Amino acid sequence: MIIATWNVNSVRQRLDHLLAYLKEHEPDVLCLQELKCQDDAFPRLEVESAGYNVVVHGQKTFNGVAILSKRPVEVRAGLPGDENDAQARYIEATVPDCDRIVRVASIYLPNGNPVGTEKYPYKLTWMDRLISHARDLLKLEEPLVLAGDYNVIPSPHDCYDPAAWANDALFLPQTREKFRSLLNLGLTDALRAVTDETGLYTFWDYQAGAWQRNNGIRIDHLLLSPQAADKLKSVAVDKNMRALEKPSDHVPVRIELA
DNA sequence: ATGACTTGCGCGGCAAGA
């Protein structure tokens, strides 16, 4: 079973790349973030014609998450813990796979910059809510994949220039501590389960030739419950997607579960 | 270098991203 995650930075701008990606890799499940459109503007017909079921949690202009699946899914939208949170950053679904059910979430964790505004405490509070919800999900003892754009650089090995990120919301000690608290519930960072290699990035800024200089960061992650981690066969970062014309600034990360 | 791109909104430049 192949599960991938990709921050598309506008699904309508990226539709051609998205359809090509589905055709090339045939993921069973693809989690999308930063749709930047409302549900009725999602290119549903095109994606369904490619053989996928679609569940969307969108909003106007910003954010927006979706799960694409070859098999029909049962869905839950929104992260519990704050009914007044209007930002569309979480959607979760259960996906049938042979004789089991796999639970998958598509996550767009708040950026948090600029630090010193209300955006950073919103990020930390959102992370607390995610930790609380993940704790509940882990009690189910089922294969669980929490996939998405976490806007967290877990360690200095996950960025080209750690000094440049020292005071950034993606890399501050408090941000990384909360990410570790999430992992310490019993989740496995899929990529780090298979390699200690440095220089593996999932985002390169559009500005200042970041891609050409390989000035990247690793912020897109798939976190696995023990029942999913036991099935992990391989992890791939689809870096070639950043070299296309009109790319997203993020690339997909893809895992295979036995 | 409070910059550099890219996107949405909507038709003129902001806000937001990371």
Side-chain angles (χ1 to χ4, degrees), chain A residues 5-18 21 31-43 56-66 85-90 106-127 130 147-179 191 199-221 237 239 241-253:
Chain A
T5 181
W6 186 26
N7 178 323
V8 288
N9 186 18
S10 173
V11 70
R12 289 176 293 179
Q13 290 294 328
R14 227 60 64 198
L15 182 58
D16 289 348
H17 291 345
L18 171 61
Y21 186 82
C31 299
L32 299 178
Q33 302 88 36
E34 272 210 273
L35 306 176
K36 294 189 171 180
C37 66
Q38 292 175 307
D39 293 11
D40 58 7
F42 187 96
V56 184
H57 181 38
Q59 71 178 85
K60 191 177 181 182
T61 310
F62 303 120
N63 308 318
V65 287
D85 185 357
Q87 300 191 27
R89 296 180 174 276
Y90 186 93
S106 181
I107 293 170
Y108 181 42
L109 204 147
N111 177 298
N113 285 306
V115 175
T117 69
E118 74 291 342
K119 289 172 184 282
Y120 191 56
Y122 174 69
K123 175 177 192 155
L124 295 177
T125 301
W126 206 95
M127 293 181 85
L130 181 60
D149 174 3
Y150 280 76
N151 274 312
V152 175
I153 303 166
S155 90
H157 302 302
D158 298 310
C159 58
Y160 180 84
D161 182 7
W165 295 94
N167 299 309
D168 193 281
L170 280 62
F171 193 57
L172 281 173
Q174 214 177 343
T175 304
R176 291 154 61 193
E177 282 167 20
K178 286 223 185 285
F179 187 73
L191 186 108
L200 294 173
Y201 307 132
T202 65
F203 169 92
W204 296 260
D205 201 290
Y206 288 124
Q207 302 184 63
W211 166 247
Q212 288 74 13
R213 301 178 192 197
N214 195 30
N215 182 3
I217 55 180
R218 188 175 76 92
I219 57 175
D220 298 270
H221 311 297
V237 180
K239 188 175 176 179
M241 296 291 285
R242 188 64 179 78
L244 302 175
E245 289 293 313
K246 298 279 288 179
S248 171
D249 39 9
H250 296 249
V251 298
V253 185

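Chain A is the first sequence line, chain B the second, and so forth, proteins listed ahead of strands; every chain is numbered from 1. As the structure is a prediction and not an experimental result, all values here were calculated from the model.
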Reading DNA chain B 5' to 3', which nucleotide is the first, and which the last, to come under 4.0 Å of any heavy atom in chain A? dA4(B) to dA18(B)

Could I get the full list of ring pair (Phe, Tyr, Trp, His ring centres under 6.0 Å) partners for Tyr90(A), not counting sequence neighbours? His133(A)

Looking at DNA chain B, which of residues 200-209 of chain A put a heavy atom within less than 4.0 Å of it? Phe203(A), Tyr206(A), Gln207(A), Ala208(A)

If the condition is side chain to side chain donor-acceptor pair (under 3.5 Å), which residues does Thr202(A) pass it with, not counting sequence neighbours? Asp220(A)

Can you pull out the residues from residues 57-66 of chain A that lie within a 4.0 Å heavy-atom distance of DNA chain B? Lys60(A), Thr61(A), Phe62(A)

Keeping to residues at least two apart or across chains, list the side-chain hydrogen bond (donor to acceptor under 3.5 Å, both in side chains) pairs with something in residues 165-174 of chain A. Asn113(A)-Asp168(A)

Stem segments of DNA chain B by first residue number [Watson-Crick or G-U, under 3.5 Å, at least 3]: B:5-9 with B:13-17

Between side-chain atoms of residues 114-121 of chain A and protein atoms elsewhere (two or more places apart, or another chain), which donor-acceptor pairs fall under 3.5 Å?
from, atom 1, to, atom 2, distance (Å)
Thr117(A), OG1, Pro114(A), O, 2.7
Thr117(A), OG1, Lys119(A), N, 3.1
Tyr120(A), OH, Thr175(A), N, 3.4
Tyr120(A), OH, Thr175(A), OG1, 2.6

Which residues share a salt bridge (Lys or Arg N to Asp or Glu O under 4.0 Å) with Lys178(A), sequence neighbours left out: Asp128(A)

For Asp158(A), what residues pass the salt bridge (Lys or Arg N to Asp or Glu O under 4.0 Å) criterion, not counting sequence neighbours? Arg192(A), Arg218(A)

Partners passing side chain to side chain donor-acceptor pair (under 3.5 Å) against Arg14(A) (at least two apart in sequence or in another chain): none

Counterpart residues, side chain to side chain contact (heavy atoms under 4.5 Å, CB included), relative to Asp16(A) (two or more places apart): none

